[in-house]
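Computed from a prediction, not measured in an experiment: that's the story for all the values here. Worth knowing before you read on, the calculation uses all heavy atoms, side chains too, and leaves out hydrogens, waters and symmetry mates.
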Amino acid sequence: MSASSFPLLTATAVLPAAGAIVTAAVPAARRTAAKWLALLFSLATLALAVVVLVRFDPGGARYQLTESHAWISDFGVRYELGVDGIGVALIALTALLIPFVILAGWHDADPLETSSERWRPTQGFFALILMVEAMVILSFEATDVFLFYILFEAMLIPMYFLIGGFGDRAHAGTDDRAAAQRSYAAVKFLLYNLAGGLVMLAAVIGLYVVAGSFSLTEITAARASGELSMATDTERLLFLGFFLAFAVKAPLWPLHTWLPNAMGEATAPVAVLITAVVDKVGTFAMLRFCLGLFPEASKWATPVIITLALVSIVYGALLAVGQRDIKRLIAYASISHFGFIVLGIFAMTSQGQSGATLYMVNHGISTAALMLVAGFLISRRGSRLIADYGGVQKVAPVLAGTFLVGGLATLSLPGLAPFVSEFLVLVGTFARYPVAGVVATTGIVLAALYTLVLYQRTMTGPVKEGVRAMPDLRPRELAVVAPLIALLLVLGVYPKPLTDIVNPAVRHTMSDVQQKDPRPDVEAAK
């Protein structure tokens with residue numbers, strides 16, 4: 001362990017895990033107590049994450065607050081933790097969003113008296129959310145490759161039950177069909193991610209055979225000093241094993257098809273958990289493990305990965321334009337946004353990678369705001385179909401207004417947080433791959449189209465019959481949405497606190513792949 005006597009990083013993961021156990025143990029008759037316990041544990045985890053953020057020194061060592069203990073000594077596996085600026089930012093995002101996820105899902109697991117689903121384990125719902133939080137936070141801290149792999153796979157288990165066991169109640173009255181759809185979405189999510197994980201396991205074993213260690217810091221140091229060298233074909237095969245698993249999690253086209261099903265069938269808070277929290281592990285791992293462990297293979301694969309990212313941007317946006325289901329529209333929009341994140345990572349410029357990291361954070365906040373408001377809307381009308389809405393802004397103006405702000409953030413309107421990250425990604429891409437930058441800008445145009453058309457069809461026009469009695473946002477719902485919108489505004493105007501944390505980590509990553517930002521072509525600009 002480092003000089004710090006208190007294992008702060010371990011505590012940030014142990015606290016929600018302990019909260020999950022305590023919440024699950026609450027008697028069935030005391031559902032409300034379980035909810036409050038889950039919320040309190042999530043707030044305590046947020047407080048610890050703030051302490052991590054405060055104690056992290058952006059100008060200090062690359063990995064800080066480190067912990068290291070022997071774990072499986074016979075196989076060289078250690079319990080090693082450490083955070084850089086990128087990990088700290090994503091830990092803060094995760095800890096911030098979970099209390100809002102819990103508040104938004106306050107009644108999502110209550111028993112349904114008029115349904116075949118009378119028994120809904122409320123305690124289990126909130127316990128599973130906390131367990132996902134614990135695993136995701138620890139995955140952002142793990143610097144032992146095998147430990148990361150265990151977490152990468154283990155988080156699939158609670159997510160499977162959250163998707164398959166607690167579905168969207170917009171299916172009310174069609175319980176058998178809804179259960180079948182949820183089961184299909186959950187199994188598809190699990191199979192896709194398990195398949196990617198099994199390929200990664202083979203690559204993890206291969207890495208140990210080649211490097212003799214699972215420690216990320218040891219392997220990168222040995223590579224930098226020349227003590228470790230990999231044959232070109234070996235490095236490329238290992239890179240592909242890792243990247244495939246991360247591309248499924250991200251999700252990147254053509255490995256994305258599980259996401260619309262999972263987000264469509266899950267409750268809105270669980271959909272936020274999927275795309276704003278769990279999926280970030282994939283893009284984070286591309287930065288930490290793909291670029292850190294396999295720099296030459298990363299550069300070798302860059303043209304193909306940039307092409308896949310561009311397809312994700314355009315394909316996801318085009319499918320979002322044609323969607324009739326609100327939640328599936330947001331899911332396809334997220335596929336497009338993840339394309340921007342991957343593009344920024346593999347543009348191999350400091351602006352692109354800084355923008356990609358900011359995009360992970362800002363996409364998490366903006367998608368959470370939009371999806372949670374959409375969830376409140378759907379719970380009132382009992383339908384996910386865009387055609388069933390109209391004139392909402394006349395009967396629920398606050399709901400409509402917050403939905404508009406979330407949508408404008410999704411299309412990266414200047415003044416809102418995602419604009420900064422998308423701008424940096426495009427600047428970084430144009431600097432090295434101008435054609436790719438031009439293609440990526442089409443995603444901006446399409447984002448404006450699907451977002452504004454969604455708002456126009458649901459919120460404006462004549463009030464439809466099923467919307468007339470729709471109540472506006474309640475105090476609990478406002479407590480969920482208002483802080484997220486405030487963050488979108490603050491980070492849109494003043495992103496410096498976040499960039500100050502992220503930029504030093506990006507410089508380390510650029511050093512790993514031995515890349516420098518291209519100089520501007522002054523003569524061409526004249």
Do [X] and [Y] make the cut of ring centroids closer than 6.0 angstrom?
X	Y	value
Phe338	His256	no
Phe189	Tyr160	no
Phe152	Phe246	yes
His363	Phe340	no

Flag side-chain contact, heavy atom, 4.5 Å: [X] against [Y]:
X	Y	value
Arg384	Lys327	yes
Thr451	Leu329	no
Leu424	Tyr359	no

TODO: Could you tell me whether Arg380 and Glu477 make a salt bridge, using a distance below 4.0 angstrom between a side-chain N and a carboxylate O?
DONE: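 Counted as a salt bridge, because a side-chain N and a carboxylate O are separated by less than 4.0 Å.
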TODO: Flag the pair Glu265 and Arg328 as a salt bridge only when some basic side-chain nitrogen lies within less than 4.0 angstrom of an acidic carboxylate oxygen.
DONE: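 Salt bridge between Glu265 and Arg328, a charged N being under 4.0 Å from a carboxylate O: no.
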Task: Value rounded to 0.5 Å, distance of CE in Met371 from CD1 in Ile378 - done: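 Rounded to the nearest 0.5 Å, the CE-CD1 separation comes to 7.5 Å.
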TODO: Classify the angle between the aromatic ring planes of Tyr455 and Phe403 as parallel (below 30°), tilted (30 to 60°) or perpendicular (above 60°).
DONE: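 Rings of Tyr455 and Phe403: parallel, as their planes differ by under 30°.
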Task: Distance-only donor-acceptor check, side chains Glu141 and Thr12, under 3.5 Å - done: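 Indeed, the side chains of Glu141 and Thr12 share at least one donor-acceptor pair under 3.5 Å.
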